[in-house]
2 protein chains.
Amino acid sequence: MRLVVARCQVDYAGRLTAHLPMATRVLMLKADGSVLVHSDGGSYKPLNWMSPPCTVREGVGEDGRVEWVVTGKNDDTLRIVVDEVLHDSRHDLGVDPGLVKDGVEKHLQELLAEHPASLAEGLTLVRREYPTAIGPVDLMCRDAAGASVAVEVKRRGEIDGVEQLTRYLELLNRDPLLAPVRGIFAAQEIRPQARVLAADRGIACAVVDYDALRGMDDSEHRLF
Amino acid sequence: MRLVVARCQVDYAGRLTAHLPMATRVLMLKADGSVLVHSDGGSYKPLNWMSPPCTVREGVGEDGRVEWVVTGKNDDTLRIVVDEVLHDSRHDLGVDPGLVKDGVEKHLQELLAEHPASLAEGLTLVRREYPTAIGPVDLMCRDAAGASVAVEVKRRGEIDGVEQLTRYLELLNRDPLLAPVRGIFAAQEIRPQARVLAADRGIACAVVDYDALRGMDDSEHRLF
DNA sequence: ATTTAGATGTCGCCT
DNA sequence: AGGCGACGTCTAAAT
């Protein structure tokens with residue numbers, strides 16, 4: 001990883017052409033050849049960049065100024081003309097162990113599939129990702145009395161999630177073999193608006209304690 | 001802009017939770033408070049980040065290690081525990097003049113709408129973004145003989161663009177008021193595969209000289 | 001301010 | 001490898 005702060009001008013030609021006038025910016029040159037041009041604002045997206053795989057060629061322009069030409073696929077090129085270097089350092093970062101994502105809807109769904117009774121007394125799983133014509137229902141269950149229960153799982157319960165579950169219920173209740181099907185809207189946090197809408201639709205809300213569920217999961221699987 | 005290279009551990013909690021184990025990474029702390037955590041690979045997307053508006057609070061953890069807690073909207077938090085700082089520098093970048101994009105499909109379409117004859121002798125524009133049930137046709141024209149011509153504009157002509165035009169032509173030719181409609185696939189550069197497919201479908205290809213078109217545009221509008 | 005469509009999207013899963 | 005969908009999507013234009 002090489003970090004450079006420099007007054008520079010950048011031109012990109014590839015899918016489109018783009019130009020950055022001369023100004024002071026941060027250049028990040030990664031080990032795989034990729035280059036990022038960042039300013040002191042905006043979001044995580046650079047002003048300009050070249051994605052790997054690509055190669056950097058350092059040269060000297062007509063006027064004697066240093067320039068980098070980064071070549072990617074499809075003859076995409078990023079040309080950086082450097083007017084003045086204010087900082088230049090190299091760092092050995094090694095390989096990153098990588099990001100661990102957790103608490104994503106999928107994981108929450110898996111945990112609830114293992115512990116459906118945490119949603120309602122006596123609930124048992126029929127199947128996860130129960131297929132319907134308009135998409136899969138997160139969890140299809142049966143309650144203690146044997147009636148069908150459709151569960152929609154979200155990390156944050158908002159109105160559109162309730163709408164989604166409503167559509168599923170409307171469809172599922174047309175099937176005489178399943179009807180009547182009731183719904184449970186399960187989330188770590190449920191917004192007041194969503195709660196009101198769910199009540200209006202006759203849908204139950206279940207606030208899920210993610211850490212507690214994960215604890216149950218650990219104790220079952222690891223036994224120590 | 002502050003650039004830090006450090007052995008650090010990062011935890012994010014917001015829409016999801018994510019964890020980065022202790023490793024050496026680059027931290028970019030921008031003037032607006034936003035923070036980017038980059039490794040020495042991947043694309044321009046950081047491993048983890050906090051978008052503005054947000055605030056950074058520098059503190060000391062229980063074990064005496066420096067930590068940054070970045071707080072954003074909706075109680076999103078990014079917590080960075082620093083084990084060892086390998087580099088730390090600050091830079092005044094000033095305000096960036098910003099990116100100038102050019103040659104995006106829309107711009108090319110505008111230029112061709114002004115100069116349809118550059119695609120084929122005697123071609124005149126009927127309308128731009130001609131609506132159909134499956135989406136708008138970039139340019140609908142008429143040739144010297146009065147027959148309809150549908151034009152699909154791309155910066156780079158690839159197979160999917162030919163497929164797109166094929167779908168439009170298939171639909172447009174069902175309309176007895178328009179049929180027969182022929183097609184022109186216009187791009188600054190047309191890939192051999194796309195050219196072959198277009199020929200097979202009876203679609204003409206037109207390679208557009210963007211700079212020449214822009215020149216015509218300038219001379220018309222600026223007159224100097 | 002809110003919504004909508006495009007993006008040099010990127011990323012991951014699946015066939 | 002190629003297609004499809006989700007994303008902490010981001011971004012800018014139009015309403």
Side-chain angles (χ1 to χ4, degrees), chain A residues 10-20 32 34-39 41-54 70-79 98-107 109 129 134-136 138 153-156 158-161 164 188-189, chain B residues 10-20 32 34-39 41-54 70-79 98-110 129 135-136 138 153-156 158-160 163-164 188-189 193:
Chain A
V10 185
D11 289 277
Y12 166 77
R15 296 267 194 102
L16 53 70
T17 53
H19 172 73
L20 283 169
D32 57 10
S34 60
V35 177
L36 283 64
V37 181
H38 269 281
S39 64
S43 64
Y44 67 69
K45 192 177 181 182
L47 291 167
N48 222 324
W49 72 94
M50 182 66 75
S51 301
C54 57
V70 192
T71 311
K73 282 181 170 169
N74 299 105
D75 293 322
D76 283 21
T77 53
L78 187 72
R79 176 196 301 267
L99 185 69
V100 182
K101 278 188 183 180
D102 195 11
V104 82
E105 180 187 319
K106 185 182 169 187
H107 195 193
Q109 188 194 111
E129 299 286 344
I134 56 171
D138 287 339
V153 180
K154 289 276 180 250
R155 177 173 153 78
R156 289 193 180 179
E158 297 178 19
I159 281 180
D160 57 350
Q164 192 178 348
Q188 278 187 271
E189 175 202 338
Chain B
V10 185
D11 289 276
Y12 167 76
R15 293 278 193 94
L16 53 73
T17 54
H19 172 72
L20 284 169
D32 57 9
S34 59
V35 177
L36 284 64
V37 181
H38 268 281
S39 65
S43 63
Y44 66 67
K45 193 177 180 182
L47 290 168
N48 224 324
W49 72 93
M50 184 65 76
S51 301
C54 58
V70 192
T71 311
K73 281 179 173 171
N74 296 104
D75 293 323
D76 282 22
T77 53
L78 187 72
R79 185 159 156 275
L99 185 69
V100 182
K101 283 186 182 181
D102 190 15
V104 84
E105 181 187 318
K106 185 181 171 186
H107 196 187
L108 197 57
Q109 188 194 112
E110 287 166 1
E129 299 287 343
D138 288 339
V153 180
K154 288 276 181 250
R155 179 171 155 79
R156 288 197 176 182
E158 297 177 17
I159 281 180
D160 58 348
E163 294 286 9
Q164 190 179 350
Q188 279 186 270
E189 175 201 339
Q193 288 180 326

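The shown structure was predicted, so the numbers you read here are calculated from the model rather than taken from an experiment. Each chain gets a letter, A, B and so on, in the order its sequence line appears, and its residues count up from 1.
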S.K.: Rounded to the nearest 0.5 Å, what's the gap from CG on A:L78 to CG on A:D76? Could you check?
M.R.: 9.5 Å
S.K.: Assign each of B:G42 and A:L78 to its nearest nucleotide of DNA chain C by heavy atoms, then name whichever residue's nucleotide is nearer the 5' end.
M.R.: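 It is A:L78, whose closest nucleotide lies nearer the 5' terminus.
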S.K.: In this structure, how many angstroms lie between the C1' atom of D:dA12 and the NZ atom of A:K45, rounded?
M.R.: 11 Å
S.K.: In whole angstrom, give the distance that lies between atom CG of A:L47 and atom P of D:dC10.
M.R.: 16 Å
S.K.: In sequence, state the C-alpha distance, the side-chain angles, and the governing distance for A:D11 and A:T17, and then conclude on side chain to side chain contact (heavy atoms under 4.5 Å, CB included).
M.R.: CA-CA 7 Å; A:D11 289 277; A:T17 53; over 6 Å; no
S.K.: Sticking with atom C1', work out how far C:dA7 lies from D:dC7, rounded to a whole angstrom.
M.R.: 13 Å
S.K.: Can a side chain N or O of B:S43 be found less than 4.0 Å away from OP1 or OP2 on C:dG9?
M.R.: no
S.K.: Nearest 0.5 Å, what's the CH2-NZ distance between A:W49 and B:K45?
M.R.: 13.5 Å
S.K.: Report the distance from atom CG of A:D138 to atom P of D:dA6, rounded to the nearest whole Å.
M.R.: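 My rounded result for the distance is 12 Å.
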S.K.: Check the distance between D:dT11's C1' and A:N48's CG and give it to me in whole angstrom.
M.R.: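 Interatomic distance, CG of A:N48 to C1' of D:dT11: 15 Å.
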S.K.: Of the listed nucleotides (C:dT8, D:dC10, C:dC11), which one gets closest to any side-chain atom of B:K101?
M.R.: C:dT8
S.K.: Stacking between A:Y12 and the base of C:dT8 (centre distance under 5.5 Å, interplanar angle under 30°)?
M.R.: yes
S.K.: Using the six-membered base ring of D:dC10, report whether A:Y44 stacks on it, requiring centroids under 5.5 Å and planes under 30° apart.
M.R.: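 Whether judged by distance or by angle, A:Y44 falls short somewhere, so it does not stack on the base of D:dC10.
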S.K.: B:L16 has an atom CG; how far is it from atom P of C:dG12, in whole Å?
M.R.: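 Atom CG in B:L16 sits about 13 Å away from atom P in C:dG12.
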S.K.: Would you mind classifying the nucleic acid contact of A:M50 as base, sugar-phosphate or nothing, using non-hydrogen atoms under 4.0 angstrom?
M.R.: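 If one applies the 4.0 Å heavy-atom cut-off, A:M50 turns out to touch nothing in the nucleic acid.
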S.K.: Let me confirm one number: the CG-OG distance from A:N48 to A:S39, rounded to the nearest 0.5 Å.
M.R.: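 With rounding to 0.5 Å, CG (A:N48) is 11.0 Å from OG (A:S39).
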S.K.: How close or far is atom P of D:dC10 from atom NE2 of A:H38, stated in whole angstroms?
M.R.: 14 Å
S.K.: B:D76 has an atom CG; how far is it from atom P of D:dC10, in whole Å?
M.R.: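 In whole Å, D:dC10 P and B:D76 CG are 10 Å from each other.
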S.K.: Considering all heavy atoms of both residues, which atom of A:H38 and which atom of A:L47 are nearest to each other, and what is their separation?
M.R.: C-CD1, 4.3 Å
S.K.: Mind calculating the distance between CH2 (B:W49) and P (D:dT9) to the nearest angstrom?
M.R.: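 Rounding to the nearest Å, CH2 of B:W49 and P of D:dT9 are 8 Å apart.
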